[in-house]
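Step one of this worksheet: look at the structure below.
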Amino acid sequence: MSYVKSLQCKECQSEYELKPLTVCDNDFGPLEVAYDYEAMKGKVTRESIEAGPRSLWRYKDLLPIEGEPKAGLNSGFTPFIKADRLAAELGVKELYIKDDSANYPSYSYKDRVVAVALTKAIEFDFDTVGCASTGNLAHSVAAHAAAAGLRACVMIPHDLEEGKIVATLSFGPRMFKIKGNYDDVNRLCSQIADKYNWAIVNVNLRPYYTEGAKTHGFEIAEQMGWRLPKHTVSPVAGGTILPKIWKAYQEFITLGIVEDNKPKIYGAQADGCNPVVTALREDQELFHPQKPNTIAKSIAIGNPADGYYVIKVIKESGGFGESASDQEILDAVKLLGRTQGIFTEPAGGTTLACAIKLIQSGRIPRDESICVCITGNGLKTVEVMQGQFAANPTINAKMSEFDELVKQMEETHPSQSPATTA
Ligand SMILES: *Cc1c(COP(=O)(O)O)cnc(C)c1O
Ligand SMILES: [Zn+2]
């Protein structure tokens, strides 16, 4: 039983059949999946969701698939952490981390969108799947395609972090490294999707792909005890996840699953690629595309496909945008590691750094609940952390040399030194 009605144009509301379509014939508006919420009432409930699998497929009734899930059976349902040590450090009362750095199988939020897109690709009978990626999407597509027995062709900018490339290649996809930035890759992929009969997940399957991102928001609400955080800080790259977290909150409100606490949502970008944040600061509805220059490569998209809707949703909610410098990003990566034991990549550092700036500027009050969305894992981007930590000397396996180091440690870092007596 599926509650999906149609694909619907976000601008003129024209309806289309559930096919691999992405834009409206009338006005080129993007198509989005529409559901029959009336039919869901009383059937899609807290209890029905709790009875589902411990994966993102527990929200299957709110996802656009016809039959059973065919990819990502272990994706989603990532940790949700009450970050008390970080909260104390920042001087806020109630702080949560939604931790998609632990997503399965490829350690980023992209496992959510790919789980849905590849299930759709199989429903539509494609045998080759692909993507235009800043790295994490290629990694996730390759992993899920390998597990589902589909051929994968992934397209990436040529200069990505080595960890993302090696991790992706281990799943055996065909990788195309393109000279240029993500926006160049994306433009090429639109042409590839027209010419080859491939399912490019974020191009010709985009309406289905993006729906998978709602599960990040559903999980936040469920794991908070069927409540919404008052303030949610989300990264913005192509602009998929932020409006979909918002859609998830609104769907739960519509279905009476959570109370409407008038949540606010905030967008985080790097200073070196902040088209949406700039538009918000200048109170514009449209953004100007930029040429990215930041260590936060996962979110370096200068011409975000859904940037317009990010701006719209943030304004509607009463939230705002913020951006962070490369050093602020690195400092936030270290802070999250030091206080909570979570190692995120620069995209996660960006989100936390921006949350901190929004708190310090008073945009986010210190006494209301805050959720920071951590979307990627630091192990794929270790090179950015080089030079960020004090050197650790190597010693011979001799007690005297060890004692000497402990003594030095006590002198230089009294708070971190181990107790010297039992
Ligand atoms: C893709 C990605 C995002 C957000 O991308 P959107 O296109 O805005 O959904 C955020 N963080 C990481 C680590 C990503 O890989
Ligand atoms: Zn239209």
Side-chain angles (χ1 to χ4, degrees), residues 6-16 21-32 34 98-103 106-114 131-141 156 160-161 163-164 168 182-183 186 201-202 206 209-217 233-247 265 267-270 273-277 294-311 313-314 321 329 333 344-352 354 372-381 384:
S6 60
L7 289 178
Q8 193 169 34
C9 173
K10 279 177 83 112
E11 294 306 316
C12 73
Q13 267 72 55
S14 297
E15 296 194 70
Y16 295 83
L21 294 174
T22 53
V23 294
C24 175
D25 287 338
N26 302 329
D27 52 11
F28 293 101
L31 302 181
E32 186 169 47
K98 177 58 179 166
D99 187 11
D100 271 5
S101 77
N103 213 346
S106 74
Y107 309 102
S108 86
Y109 118 78
K110 296 302 194 303
D111 288 326
R112 303 178 179 280
V113 282
V114 173
C131 59
S133 174
T134 54
N136 285 323
L137 182 56
H139 189 200
S140 185
V141 165
I156 57 170
L160 290 188
E161 301 92 342
K164 286 183 188 162
T168 302
Y182 171 83
D183 298 291
N186 191 45
V201 297
N202 54 336
R206 192 168 179 85
Y209 159 94
T210 55
E211 283 291 285
K214 289 192 304 189
T215 61
H216 189 93
V233 188
S234 162
V236 176
T240 294
I241 187 169
L242 187 148
K244 293 294 175 168
I245 292 172
W246 184 251
K247 187 177 179 191
I265 195 157
Q269 298 195 300
C273 183
N274 65 355
V276 160
V277 170
T294 167
I295 56 165
K297 294 189 180 180
S298 301
I299 53 170
I301 298 184
N303 189 9
D306 288 315
Y308 170 76
Y309 295 101
V310 171
I311 295 166
V313 157
I314 289 175
I329 292 168
V333 169
T344 187
E345 61 153 286
T350 304
T351 312
L352 178 57
C354 291
V372 177
C373 302
I374 295 298
T375 46
N377 192 302
L379 289 171
K380 289 193 241 180
T381 58
V384 298

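We count ligands from 1, going down the list as the structure has it; atoms in each ligand are counted the same way.
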What do you reckon, does [X] have a nitrogen or oxygen under 3.5 Å from a nitrogen or oxygen of ligand 1?
X: Ala347; answer: no
X: Thr134; answer: no
X: Gly238; answer: yes
X: Glu345; answer: no
X: Ala237; answer: yes
X: Gly239; answer: yes
X: Thr375; answer: yes

*Measure from NZ or CZ of Lys10 to the centre of the six-membered ring of Tyr309 and say whether it is under 6.0 Å with the direction within 45° of the ring axis.*
yes
*Please say which of Gln8, Arg206, Lys244 ends up in a side chain to side chain donor-acceptor pair (under 3.5 Å) with Glu32.*
Lys244
*Can Asp183 and Ile301 be said to form a side chain to side chain contact (heavy atoms under 4.5 Å, CB included), step by step?*
CA-CA 7 Å; Asp183 298 291; Ile301 298 184; 3.7 Å; yes
*Apply the side-chain contact (heavy atoms from CB on, under 4.5 Å) test between Thr350 and each candidate in Thr344, Val333, Ile299; give the one that qualifies.*
Ile299
If we only count heavy atoms from C-beta on, is the [X] to [Y] side-chain gap below 4.5 Å?
X: Ser298; Y: Ser108; result: no
X: Asn136; Y: Tyr109; result: no
X: Ile156; Y: Lys164; result: no

*Output the list of atoms in ligand 1 that are nearer than 4.0 Å to some heavy atom of Ile299, sorted by atom number.*
3 (C), 10 (C), 11 (N)
_Under a 4.0 angstrom heavy-atom cut-off, which atoms of ligand 1 come close to Asn136?_
13 (C), 14 (C), 15 (O)
*Looking at atom 2 (C) of ligand 1, what's its closest protein heavy atom, distance included?*
Lys110 NZ, 2.4 Å
*Which residue and non-hydrogen atom of the protein lie closest to atom 9 (O) of ligand 1, and at what distance in Å?*
Tyr109 OH, 2.6 Å
_So, 4.0 Å and heavy atoms of Ser108: is ligand 1 close enough to count as a contact?_
no
*Taking all non-hydrogen atoms of both residues into account, name the closest pair between Ala296 and Pro346 and its distance.*
CA-CB, 3.7 Å
_Closest to atom 6 (P) of ligand 1 (judged by heavy-atom distance), picking from Val236, Thr240, Asn103, Ile301_ = Thr240
*Tell me, which N, O or S atom in Asp27 is closest to the Zn ion (ligand 2)?*
OD1
